[in-house]
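Take a look at the structure set out below.
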Amino acid sequence: MTDRFISIEGIARRYPATGGGVTTVFEDLWFSMAKGEFACIIGHSGCGKTTVLNILAGLDAPDDGAVIVDGRAIDGPSLDRAVIFQGHSLLPWRTALGNVAYAVAARHRDWPKAKVTDHALRFIEKVGLKGSEHKKPSELSGGMKQRVGIARALSIEPKIMLMDEPFSALDALTRGTLQDEVRRICLETGQTGFMITHDVDEAIYLADRIVLMTNGPQAMIAEIVENPLPRDRQRTEMHHHPDFYAVRNHLIDFLVARSKTFRDGVPADHDRRRPPVVRPVAGPSPVAGARKVA
Amino acid sequence: MAVSLNLRAMLLSVLIFAAFVAVWHLATQSGAGGAAANIDPEYAKLMGQQVTQGKSPMPGPLDVAQTIWGHLKDPFYNKGPNDKGLGIQLAFSLARVLTGYLLAVLVAVPLGFLIGLSPLMSKALDPFIQVLKPISPLAWMPLALYTIKDSSVSAVFVIFICSVWPMLLNTAFGVSAVRREWVNVARTLEVGPLKRAFTIILPAAAPTILTGMRISIGIAWLVIVAAEMLVGGTGIGYFVWNEWNNLSITNVIVAITVIGVMGMLLDQTLARLQRAVTYPD
Ligand SMILES: Nc1ncnc2c1ncn2[C@@H]1O[C@H](COP(=O)(O)OP(=O)(O)O)[C@@H](O)[C@H]1O
Ligand SMILES: [Mg+2]
């Protein structure tokens with residue numbers, strides 16, 4: 001069961017197209033994740049990444065297929081799956097503490113107010129915002145707002161964290177610290193993480209596996225890249241690892257070229273239920289240092 | 001040179017007021033100099049000393065100030081149906097406005113929520129709102145008098161009907177414009193629809209709702225004067241009409257001033273509430 005903690009089974013999403021007909025954003029998407037695993041999904045804007053994440057969150061429903069989490073099909077949002085939205089999505093009329101406490105009170109409806117506040121403060125502290133808990137979002141910097149968003153997601157102690165380009169609006173320095181923060185917390189708590197990102201280095205640093213999605217419409221999973229870097233990698237050191245550039249080049253090649261052309265020449269043995277798994281490593285190898293696994 | 005803008009504006013306001021009073025005083029002082037001679041004796045009898053003594057029929061600022069002072073000293077006297085203190089009249093008007101207005105809040109805000117949340121209700125109710133909204137509230141008066149058969153309640157109804165539209169439309173707009181992501185935050189936290197309405201949609205839409213409420217109180221205060229002129233009996237509107245019939249222009253001017261000040265106070269109260277619920281984004 002644990003190696004299929006999250007199982008995306010043949011989902012599709014369609015919208016009515018302008019001028020009749022339907023547009024299929026993606027269809028027949030299969031992917032599963034083990035408990036404690038961290039996966040990133042990369043692909044160009046509009047290919048349907050947010051839609052996949054919203055389906056995982058239970059905010060949107062697939063037109064075909066289903067998503068099974070922990071043995072049960074998703075039929076709506078759940079406190080077990082926390083979402084960090086693109087853009088901070090804090091409630092501007094509440095303080096930082098108020099935003100986190102709102103989530104805590106939703107999780108623990110029987111807790112007295114003092115206990116809720118205590119719990120919320122613990123998570124504010126965990127993301128390094130002690131002293132700013134009484135500030136409104138408008139008084140916080142972009143990085144601080146995103147930290148509150150992370151604290152809010154963590155405070156409900158979910159089984160899964162779903163993150164939609166959480167750091168894309170931040171400067172490089174802040175992004176780096178928050179990546180460290182998220183990785184530390186996920187490793188510490190054995191959190192299962194699913195993140196959308198445009199940043200290849202972010203994906204390599206955070207993810208155990210990286211899902212490559214082709215351009216939409218009718219997007220598909222081209223392949224799944226296994227991260228060859230060791231689990232105890234450091235953000236500031238990882239580019240010295242011999243395999244780093246093999247993965248990085250592989251991902252960039254995909255984004256630059258193959259994401260567009262993949263669908264025109266899908267390999268005959270491509271199985272949508274089991275997309276090819278690739279583990280790019282340094283050294284001579286036919287496909288840009290990529291070695292197909294299994 | 002560091003005199004603050006506020007202070008300078010205040011000084012200028014005082015100057016403008018002083019100039020206005022001075023011009024008013026001069027204009028009413030001299031009046032129609034030798035006009036008394038060739039005046040219709042009938043009219044002279046009607047207007048009394050104002051005309052016969054060559055005094056302008058228009059009261060000067062001193063007369064008005066004196067009358068205001070008189071009213072302020074004893075605002076709540078009651079000498080029968082046609083002679084009540086200004087305070088009592090004002091209280092009648094306020095009571096009607098507040099009753100009609102609060103009833104309108106009770107109807108408009110929940111209904112606006114429904115319209116804002118449901119595209120179906122929004123489309124279904126739109127034609128009714130479009131037709132009902134432009135009707136002058138006073139046009140309802142005969143119908144109200146006929147069905148309710150009570151002039152005071154009819155006035156309350158007219159206030160209700162005139163204050164309901166801005167609140168309804170603003171609430172519906174505010175609710176429908178609530179950012180999707182805030183609602184989604186609550187949904188992912190498994191917050192139910194009713195709790196979501198109170199903890200997300202209400203605070204998010206509150207500034208827009210308050211804008212509607214502020215417009216409404218302004219309109220209600222405009223309409224009550226006209227309504228009370230129609231239904232009579234009590235209230236500041238009736239007072240104005242009654243004093244016109246008594247040809248007491250001084251009292252009419254006093255009433256106009258009081259209506260203006262009261263309207264400003266009502267507006268300021270709502271403005272303060274609006275500031276309290278507005279959040280920086
Ligand atoms: N409500 C909607 N109606 C019609 N099309 C939509 C709607 N929501 C999303 N789409 C389409 O679905 C596609 C995928 O959107 P999205 O998941 O946001 O992409 P991504 O997050 O990868 O940039 C886009 O092409 C978008 O136009
Ligand atoms: Mg997106």
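Only heavy atoms go into these numbers, but all of them, side chains included; no hydrogens, no water, no symmetry mates. Chain letters run A, B, ... following the sequence lines, proteins first, then strands; residues in each count from 1.
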message: Check this for me: B:Arg272, atom CZ, are more than 12 non-hydrogen atoms of other residues, nucleotides or ligands nearer than 6.0 Å?
response: no
- prompt: For the candidates B:Glu181, B:Lys195, B:Arg179, B:Glu190, which exhibits the highest count of non-hydrogen atom pairs separated by less than 4.5 Å from chain A?
  reply: B:Glu190
- request: Pick whichever of A:Lys136, A:Gln86, A:Arg107, A:Arg109 has the most heavy-atom pairs under 4.5 Å with chain B.
  value: A:Arg109
- prompt: Between A:Ser78, A:Ala106, A:Pro158, which shows the greatest number of heavy-atom pairs under 4.5 Å with chain B?
  reply: A:Ser78
- request: Please look at B:Ala204 and chain A and tell me whether the side chain, the backbone, both or neither of the residue comes under 4.5 angstrom of a heavy atom of that chain.
  value: both
statement: Whatever's closer than 4.5 Å to a heavy atom in chain B on A:Leu90 counts as backbone
query: Taking atom CZ of A:Phe38 as the centre, does the number of heavy atoms from other residues, nucleotides or ligands within less than 6.0 Å exceed 12?
result: yes
query: Taking every heavy-atom pair that is under 4.5 Å apart, which of B:Ile200, B:Asp281, B:Val277 has the most such pairs with chain A?
result: B:Ile200
- line: With chain A, the option among B:Thr278, B:Val191, B:Val185 that has the most non-hydrogen atom pairs under 4.5 Å is B:Val185
- prompt: Out of curiosity, A:Phe85 CZ to B:Asn184 CG, how far, rounded to the nearest 0.5 Å?
  reply: 5.0 Å
field: Closest non-hydrogen atom pair between A:Pro92 and B:Pro280, with its separation
entry: CB-O, 3.6 Å
- request: Sort out for me which residue in A:Asn54, A:Ile156, A:Val83 forms a side-chain contact (heavy atoms from CB on, under 4.5 Å) with B:Thr188.
  value: A:Val83
query: With under 30° as parallel and over 60° as perpendicular, where do the rings of A:Trp93 and B:Tyr279 fit, or are they tilted in between?
result: tilted
Contact winner vs chain B - A:Pro137, A:Ala103, A:Ala57, heavy-atom pairs under 4.5 Å: A:Ala103
statement: All heavy atoms of B:Arg187 vs all of A:Gly58, minimum pair found to be NH2-O, 4.0 Å
task: Just give me the residue among A:Arg81, A:Arg152, A:Arg94 that pairs up with chain B most often, heavy atom to heavy atom, under 4.5 Å.
output: A:Arg152
